[in-house]
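These notes concern the structure reproduced below.
Every number for a ligand or one of its atoms is a count from 1 in the order of the listing.
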Amino acid sequence: MQARTSALLPVDEALRLLLDGVEPLAAERLPIADCGDRILAADIVSLRTQPPFDASAMDGYAVRSADVSRLPARLKVIGAAPAGRPFAGTVGPGQAVRIFTGAPMPEGSDCVLIQEDATTIADNVIEAKETVSARRHVRARGLDFTEGQPLLNRGRRLDPPALSLAASANHAALDVVRKPLVAVIATGDELLPPGSIVGPGQIIASNGFGVAEIVRSAGARVLDCGIVADDRDAISATLDRALEAGANLIVTIGGASVGVHDLVREVLTARGGELDFWKIAMRPGKPLMAGTLGGRKIVGLPGNPVASLVCSYVFLKPLVARMAGRLHEADLRTGVLGAPVSANDQRQDYLRAAIRREDGRIVATPSMIQDSSMLRVMAEAGAFIVRAPFAPPAEAGEECRLLVLS
Ligand SMILES: Nc1nc2c(c(=O)[nH]1)N[C@H]1C(S)=C(S)[C@@H](COP(=O)(O)OP(=O)(O)OC[C@H]3O[C@@H](n4cnc5c(N)ncnc54)[C@H](O)[C@@H]3O)O[C@H]1N2
Ligand code: MOO
């Protein structure tokens, strides 16, 4: 592909290029206990019928409806049927079997007299206080599902009900989409891990933590490749480490811009990698780049902290979700401005905004300062106000597009 590096690429076009041809990863088979929140890679059908027999839905007495259609009705209790231990005999006229919820209905019986409606009048003799019609309190065999019935489709997230259903259908293991492994590499001579003694000119490498959490939330595992100096060989060696570890996606942070120490693009192309695009018409996030290296996707995030997060929400999240087989829709909503905004230039703007609900609407008030280095302002924001390129000025109370953060 011809790299798009000259003009600023519109966000939607960059996203389309990034997602183009990306398919869910191959399947792996996992014990059902490890399948929580994973994505089914194949349809599943039931391996059994549930309930496998006509079952009592209540605690009481399995009886013949003909015997309890009129009162008074006296019945002889001839045995018991707890769950898991079916009654072997047959319920004849005038007879009842003590039964408990979930137990198979004994032969001959067709309804359940709940115990609240029965009085014991002698040893093994009861009297019905209410009439009962046929099939009352009986769950028919196969009420829930039957053997061979399609139950869950490929692509379904294994949420709690889906997991219980698959287990009930007797699946001990499931084919699920592999979790993408995303290598995260922070670049910069000035960076130190949190908890460090910070010397002159140094700062803490913070971006990787938020970026990693965003890709995890989209269904990935993260390989933290730590901090790499602004040095071609060091960057190259770390890319090798990520490739050897089997990363499906490599994410670099920093070194994406035009400074002499911004080396990621240079190393990528020197190694025969392909650059698909660089420089997006967005703010923050302009120097975002994407390409491929050794058959793996690589995304270079800008180093400015807010830029790295905005690009992760807008680009990495859908990319990772697609690799993980997940449906992803950005949470775009319409809100109203809580303060005026000025005319926009050619870059789509992602204004950090505090949000509140008022009369059923979301009111979004942009922070006074929108510097892309400011994590405090970012952490206070509940949404980005998304301003299209060349949007005219707008007043408080006017509608705006919001990307709500979760
Ligand atoms: N002459 C120009 N200068 C810059 C341009 C431009 O178009 N022309 N673009 C600006 C924009 S927009 C951004 S965004 C930044 C991004 O630059 P880089 O991706 O090269 O990032 P760095 O220069 O490495 O770092 C920028 C800034 O962010 C801090 N940083 C980097 N990594 C981390 C990290 N993991 N955790 C916390 N902070 C990090 C770094 O210390 C710098 O302060 O370029 C503009 N410049
Ligand atoms: O991406 Mo930069 O200023 O647009 O932070």
- Are any of the N or O atoms of P287 closer than 3.5 Å to those of ligand 1? no
- Message: If you define the side chain from C-beta out and look only at heavy atoms, does anything of I185 sit under 4.5 Å from I235?
- Response: no
Listing, residues 201-210 side-chain donor-acceptor contacts under 3.5 Å, not counting sequence neighbours, or none:
residue : atom : partner : partner atom : Å
Q202    : OE1  : G199    : N            : 2.7
N207    : ND2  : G303    : O            : 2.6

- Message: Does any N or O of ligand 1 fall below 3.5 Å from an N or O anywhere on D262, backbone included?
- Response: yes
- Starting from atom 36 (N) of ligand 1, find the nearest protein heavy-atom neighbour and note its residue, name and distance. S206 N, 2.9 Å
- Message: Counting C-beta onward and ignoring hydrogens, is there a side-chain heavy-atom pair between I78 and F87 closer than 4.5 Å?
- Response: yes
- Item | Residue selection (non-hydrogen contact nearest atom 16 (C) of ligand 1) among G285, G208, G303 | G303
- Of the listed options (S257, A307, S373), which comes nearest to atom 44 (O) of ligand 1 when hydrogens are ignored and any heavy atom counts? S257
- Nearest-neighbour protein heavy atom for atom 1 (N) of ligand 1, which is reported as residue plus atom name and distance: V258 CG2, 3.6 Å
- Message: Between the side chains of D117 and K129, is the shortest nitrogen-to-carboxylate-oxygen separation below 4.0 Å, so that they form an ion pair?
- Response: no
- Task: Using non-hydrogen atoms of the residue, decide whether S372 is closer than 4.0 angstrom to ligand 1.
- Result: no
- Task: Flag the pair D349 and R347 as a salt bridge only when some basic side-chain nitrogen lies within less than 4.0 angstrom of an acidic carboxylate oxygen.
- Result: no
- Message: Looking at R216 and E213, is there a salt bridge between them, counting it only when a charged N and a carboxylate O are closer than 4.0 Å?
- Response: yes
- Task: For atom 40 (C) of ligand 1, grab the closest protein heavy atom and report residue, atom and distance to one decimal in Å.
- Result: E190 OE2, 3.1 Å
- Taking distance alone, with no angle check, do P305 and ligand 1 share an N/O pair under 3.5 Å? no
- Query: Does I204 reach ligand 1, in the sense of a heavy atom lying below 4.0 Å from it?
  - Reply: yes
- Query: Hey, is G255 one of the residues with a heavy atom under 4.0 angstrom from ligand 1?
  - Reply: yes
- Query: Going by the angle between their ring planes, with limits at 30° and 60°, are Y313 and F384 parallel, tilted or perpendicular?
  - Reply: perpendicular
- Task: Sort and list the pairs that fulfil side-chain hydrogen bond (donor to acceptor under 3.5 Å, both in side chains) and have at least one residue in residues 153-164, not counting sequence neighbours.
- Result: D37-R157, R156-D159
- Can you tell me if R322 uses its side chain to pair, donor with acceptor, with the backbone of L19 under 3.5 Å? yes
- Message: For atom 38 (N) of ligand 1, what is the closest protein heavy atom, and at what distance to 0.1 Å?
- Response: I203 CD1, 3.6 Å
Quick one: table the atom pairs, ligand 2 N or O against protein N or O, below 3.5 Å, distance rounded to 0.1 Å.
residue  : atom  : partner : partner atom : Å
ligand 2 : 1 (O) : G285    : N            : 2.4
ligand 2 : 1 (O) : K286    : N            : 3.3
ligand 2 : 3 (O) : S372    : OG           : 3.4
ligand 2 : 4 (O) : G285    : N            : 3.0
ligand 2 : 4 (O) : R347    : NH2          : 2.6
ligand 2 : 5 (O) : N304    : ND2          : 3.2
ligand 2 : 5 (O) : S372    : OG           : 2.4

- Does a side-chain N-to-carboxylate-O contact under 4.0 Å join E130 and R136? no
- Minimum non-hydrogen distance to atom 7 (O) of ligand 1, winning option of K286, M289, M282: K286
- Message: So if I apply the side-chain contact (heavy atoms from CB on, under 4.5 Å) rule between I126 and each of I121, L113, T119, which one comes out positive?
- Response: L113
- Query: What salt bridge (Lys or Arg N to Asp or Glu O under 4.0 Å) pairs are there with at least one residue in residues 389-406, not counting sequence neighbours?
  - Reply: none
- Query: Do D175 and R29 sit within salt-bridge range, that is, some charged N less than 4.0 Å from a carboxylate O?
  - Reply: yes
- Taking only heavy atoms of N304, which atoms of ligand 1 are found under 4.0 Å from at least one of them? 13 (C), 14 (S), 15 (C), 26 (C), 27 (C), 28 (O)
- A205 near ligand 1 by a heavy-atom separation under 4.0 Å: yes
- Query: What residue and atom, counting heavy atoms only, is the protein's closest point to atom 33 (C) of ligand 1, and at what distance?
  - Reply: N207 ND2, 3.4 Å
- Query: Going by distance alone, is a donor N or O of one side chain under 3.5 Å from an acceptor N or O of the other, for N304 and S373?
  - Reply: no
